[in-house]
Trainee: 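So that we are looking at the same thing, I have put the structure below in structure tokens.
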Amino acid sequence: MRWSQTLIPTLKEVPADAEVPSHRLMLRAGLVRQVMAGAYTYLPLGWRAVQKAAAIVREEMEAAGAAELHFPAMSPIELWERSGRREAFGNVLLNFAFPRGDRKVHVALGPTHEEPITDLIKQSISSYKQLPLTLFQIQTKFRNEERPRFGVLRTSEFLMKDAYSFGTDVEQLNASYDAMYAAYCRIFERCGIPYLAVEAESGPIGGDASHEFMIPAENGEDAVVHCEASGYAANLERAETGRKPPKIEVPANAPVTVTVDTPGVSTIEAVCELLDVAPEQTLKTLLYIADAGTESEKIVAVVVRGDHEANEGKIRRAVGAKTIALADEATVQRVTGAPVGFAGPVGLTGVTLLADHDAVVVQPAVVGANAADKHTKGVICGRDWAVETTHDLRDARAGDPDPKGGGEMKLVRGIEVGHVFKLGTKYSDALGAEFLGEDQKRRSIVMGCYGIGINRIVAGAIETSHDDRGIVWPKGIAPYQCHVIPLDVKDDEVMTLAAKLHDDLEAAGVDCLLDDRKERPGVKFADADLIGLPTRITIGKRGMKDGVVEVKRRTDADAENVAPDAAVARVQDLLKD
Ligand code: ATP
Ligand code: MG
């Protein structure tokens with residue numbers, strides 16, 4: 001490809017509104033342009049990178065035994081109503097009605113495709129003999145994201161590889177899941193992006209049933225707790241703290257409790273300032289309603305250390321509830337006799353009381369007094385309030401012990417690039433996708449779903465691989481493998497050799513960009529560094545006189561002189577390692 005025949009509008013200036021390196025570089029290198037918030041055009045270079053990532057994903061999906069199909073982006077809103085996700089997605093689900101003849105058609109644009117594919121399988125699969133089966137597509141998804149940001153990392157319209165597995169039982173599901181997990185590892189290795197497979201919320205199957213693939217990156221929106229020694233990695237929703245139930249002992253000459261006035265002081269920070277204590281010396285008591293609106297509805301009070309964050313997923317599991325939500329102000333007032341901000345574990349009745357492992361050993365503690373504008377000091381667990389056992393109820397943080405016994409955990413930030421998930425029968429139950437078993441009984445098909453954000457592969461690669469001059473493409477997804485730069489564009493010999501090397505590279509299977517622009521060498525070099533192709537051949541009049549061209553990798557400081565005849569082979573060599 002010749003530069004003059006394509007569109008690579010590089011920018012010298014750093015775009016003001018781009019917050020992260022990948023966004024800045026994708027704009028500056030002429031890979032993308034914004035059409036509106038959350039919607040981007042891929043220009044030729046950017047689109048080639050996307051296509052290369054998609055090709056790797058496709059190859060590995062097929063190698064893992066998945067077959068490709070293709071759905072339309074639109075589907076009838078009824079499907080999403082039947083699964084309950086019209087409501088669950090809320091505003092994120094782009095949907096609209098339009099007139100067709102004398103009726104109205106109401107469609108949703110797929111944010112993902114469980115509903116359409118489960119409906120397809122319901123119509124096409126009837127027997128255990130047709131299972132297991134894994135299908136995938138690479139297709140545009142629509143999500144009306146509340147906050148599109150970071151360039152193509154979070155957009156309202158994006159390209160996803162979504163795969164779905166269908167099996168007769170959990171064993172078949174596990175086998176499909178493991179095959180997808182392994183394929184994901186190969187995909188991200190071939191794309192040249194660093195990744196962590198991170199335990200995530202497990203949903204209905206429970207156990208080890210969901211992993212997010214994260215690109216470690218300072219600007220990542222997700223927090224991951226990680227221990228290098230044991231390899232344990234989990235997202236913040238999921239990560240265990242590695243703490244065990246402590247022995248609760250009442251200190252010998254502990255002071256008595258004192259209740260003090262704390263008018264209008266309802267946050268931990270304000271309490272600490274007023275009473276001159278550290279957050280670690282206080283306890284937060286949070287009220288939740290579990291399984292609201294059902295027969296098993298109950299109020300749960302959760303006690304965590306003042307500087308810790310309560311974790312709703314852990315609380316829900318500890319209670320054994322399906323849903324959990326913070327109690328409303330009226331409930332807090334009724335149960336504690338005080339407005340929000342003054343709840344405490346002492347004398348609290350009519351609730352299920354749960355305490356975090358770290359909460360019960362704060363002795364003495366400052367707690368809410370269950371009275372408006374009052375807190376109590378000198379509170380001792382085991383004397384002034386009690387629990388039978390303690391639980392892991394808070395977010396893990398850096399420095400917590402690794403639950404696998406590996407040592408201290410670190411907190412790293414990451415970009416979620418892929419997700420594998422054991423769905424179970426949620427969608428097959430809702431949409432009636434059943435099979436007839438060997439035993440002649442009808443059962444719901446057991447499903448898994450597996451997504452990869454193709455755009456996030458590209459942006460994530462740039463986010464983790466660049467320098468102050470520009471992108472440093474991993475070979476796997478670089479738009480072209482080699483950049484050929486003739487310096488003296490008015491010199492016929494130089495231009496003829498450049499064209500020949502371009503053609504020879506292409507013939508050898510090395511895709512190549514030839515910068516045939518009538519620009520100064522300085523401009524060409526700066527652009528070459530900015531667009532960051534893995535290898536470069538520079539051809540000048542002076543070198544040609546000596547019978548050499550210059551060859552270098554994007555990452556090399558200096559070029560080597562190579563005879564023109566040997567240049568293609570040398571580039572191929574450099575691309576190998
Ligand atoms: P996030 O938590 O980042 O919003 P998600 O968990 O909702 O993502 P999934 O439903 O798991 O996303 O979708 C599968 C993959 O699609 C994600 O791992 C991610 O790579 C990609 N993806 C999801 N939302 C977006 C988006 N708005 N823009 C670009 N890629 C996205
Ligand atoms: Mg996800």
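First listed ligand is number 1; within each ligand, the first listed atom is number 1. These figures come from a predicted structure and were not determined experimentally.
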Trainee: Below 4.5 Å, heavy atoms only, C-beta onward: do V152 and V458 meet side chain to side chain?
Mentor: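 Sidechains of V458 and V152: no contact.
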
Trainee: Relative to the ring of F96, is the ring of F98 parallel (under 30°), tilted (30 to 60°) or perpendicular (over 60°)?
Mentor: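 Ring orientation of F98 relative to F96: tilted.
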
Trainee: Please identify which of these residues, T464, L25, D467, meets the side-chain contact (heavy atoms from CB on, under 4.5 Å) condition with V472.
Mentor: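 Among the candidates, only D467 passes.
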
Trainee: Within ligand 1, which atoms have a heavy atom of E145 less than 4.0 Å away?
Mentor: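 Counting from 1, the qualifying ligand atoms are 24 (N), 26 (C), 27 (N).
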
Trainee: Output yes when the distance from some N or O of ligand 1 to some N or O of G453 is under 3.5 Å, and no in every other case.
Mentor: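 N/O-N/O distance under 3.5 Å: yes.
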
Trainee: Could you identify the N, O or S atom of H419 positioned closest to the Mg ion (ligand 2)?
Mentor: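 For H419, the N/O/S atom sitting closest to the Mg ion (ligand 2) is ND1.
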
Trainee: Report, in ascending order of atom number, the atoms of ligand 1 lying under 4.0 Å from any heavy atom of V417.
Mentor: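 Result: 18 (O), 20 (O).
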
Trainee: Identify, for atom 19 (C) of ligand 1, the protein heavy atom at the shortest distance, and state residue, atom and that distance.
Mentor: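 Of every protein heavy atom, R456 NH1, 3.4 Å lies nearest to atom 19 (C) of ligand 1.
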
Trainee: Which one holds for T112 and ligand 1: side chain close, backbone close, both close, or neither close, with close meaning a heavy atom under 4.0 Å?
Mentor: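 For T112, there is no contact with ligand 1 at all, from either part.
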
Trainee: Strictly by modelled atom types, are N311 and E237 linked by a side-chain donor-acceptor pair under 3.5 Å?
Mentor: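 Judged by distance alone, the side chains do not pair up.
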
Trainee: May I ask you to decide whether R305 forms a salt bridge with D358, counting only side-chain N to carboxylate O separations under 4.0 Å?
Mentor: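 Not counted as a salt bridge, because no side-chain N and carboxylate O are separated by less than 4.0 Å.
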
Trainee: Using a distance-only test with no angle check, is there a side-chain donor-acceptor pair under 3.5 angstrom linking H357 and R243?
Mentor: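 Result is no, nothing qualifies.
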
Trainee: For a side-chain hydrogen bond (donor to acceptor under 3.5 Å, both in side chains) check, start with the C-alpha distance between E189 and Y195, then their side-chain angles and the critical distance, and finish with the verdict.
Mentor: CA-CA 8 Å; E189 263 149 40; Y195 68 94; 3.1 Å; yes

Trainee: Under a 4.0 angstrom heavy-atom cut-off, which atoms of ligand 1 come close to T155?
Mentor: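 Going through ligand 1 atom by atom, the ones under 4.0 Å from T155 are 26 (C), 27 (N), 28 (N).
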
Trainee: Judged by modelled atom types alone, do Y164 and H113 share a side-chain donor-acceptor pair under 3.5 Å?
Mentor: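 Short answer, no.
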
Trainee: Need the atom name: nearest N/O/S atom of E416 to the Mg ion (ligand 2).
Mentor: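 E416's closest N, O or S atom to the Mg ion (ligand 2) is named OE2.
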
Trainee: Of all the atoms in ligand 1, which lie at a distance below 4.0 Å from a heavy atom belonging to H419?
Mentor: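 Ligand 1 atoms under the 4.0 Å threshold to H419: 11 (O).
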
Trainee: Relative to ligand 1, is K141 under 4.0 angstrom through side chain, backbone, both or neither, heavy atoms considered?
Mentor: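 K141 to ligand 1: no contact under 4.0 Å from either part.
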
Trainee: Under a 4.0 angstrom heavy-atom cut-off, which atoms of ligand 1 come close to R143?
Mentor: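 Those qualifying, in numeric order: 5 (P), 7 (O), 9 (P), 10 (O), 12 (O), 13 (O), 23 (C), 24 (N).
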
Trainee: Using the rule side-chain contact (heavy atoms from CB on, under 4.5 Å), only one of V32, V50, I531 pairs with L45; which is it?
Mentor: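 Among the candidates, only I531 passes.
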
Trainee: Would you say E212 reaches the Mg ion (ligand 2) with an N/O/S atom under 2.8 Å?
Mentor: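 No N, O or S atom of E212 is closer than 2.8 Å to the Mg ion (ligand 2), so no.
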
Trainee: Which is closest to atom 29 (C) of ligand 1 by heavy-atom distance: N455, I215, I415, L153?
Mentor: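 Looking at heavy atoms only, the winner is L153.
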
Trainee: Backbone, side chain, both or neither: what part of M160 comes under 4.0 angstrom of ligand 1, heavy atoms only?
Mentor: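 Answer for M160: side chain.
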
Trainee: Below 4.0 Å from ligand 1: does a non-hydrogen atom of L159 turn up there or not?
Mentor: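 Contact check L159 vs ligand 1: negative.
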
Trainee: Using a 4.0 Å heavy-atom cut-off, say whether R154 meets ligand 1 through its side chain, its backbone, both or neither.
Mentor: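 Both backbone and side chain.
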
Trainee: Looking only at protein heavy atoms, identify the closest one to atom 17 (C) of ligand 1 and say how far it is in Å.
Mentor: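 Minimum-distance protein heavy atom for atom 17 (C) of ligand 1 reads E416 OE2, 3.4 Å.
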
Trainee: Tell me whether the NZ or CZ atom of R48 lies within the 45° cone about the ring axis of Y480 and under 6.0 Å from its centre.
Mentor: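 The answer is yes; both the distance and angle limits are met.
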
Trainee: Indicate, with yes or no, if the rings of Y181 and F213 have centres closer together than 6.0 Å.
Mentor: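 Yes, the ring of Y181 comes within the 6.0 Å limit of the ring of F213, centre to centre.
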
Trainee: I need the nearest protein heavy-atom contact for atom 22 (N) of ligand 1: residue, atom name and distance, please.
Mentor: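 Result for atom 22 (N) of ligand 1: F158 CE1, 3.4 Å.
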
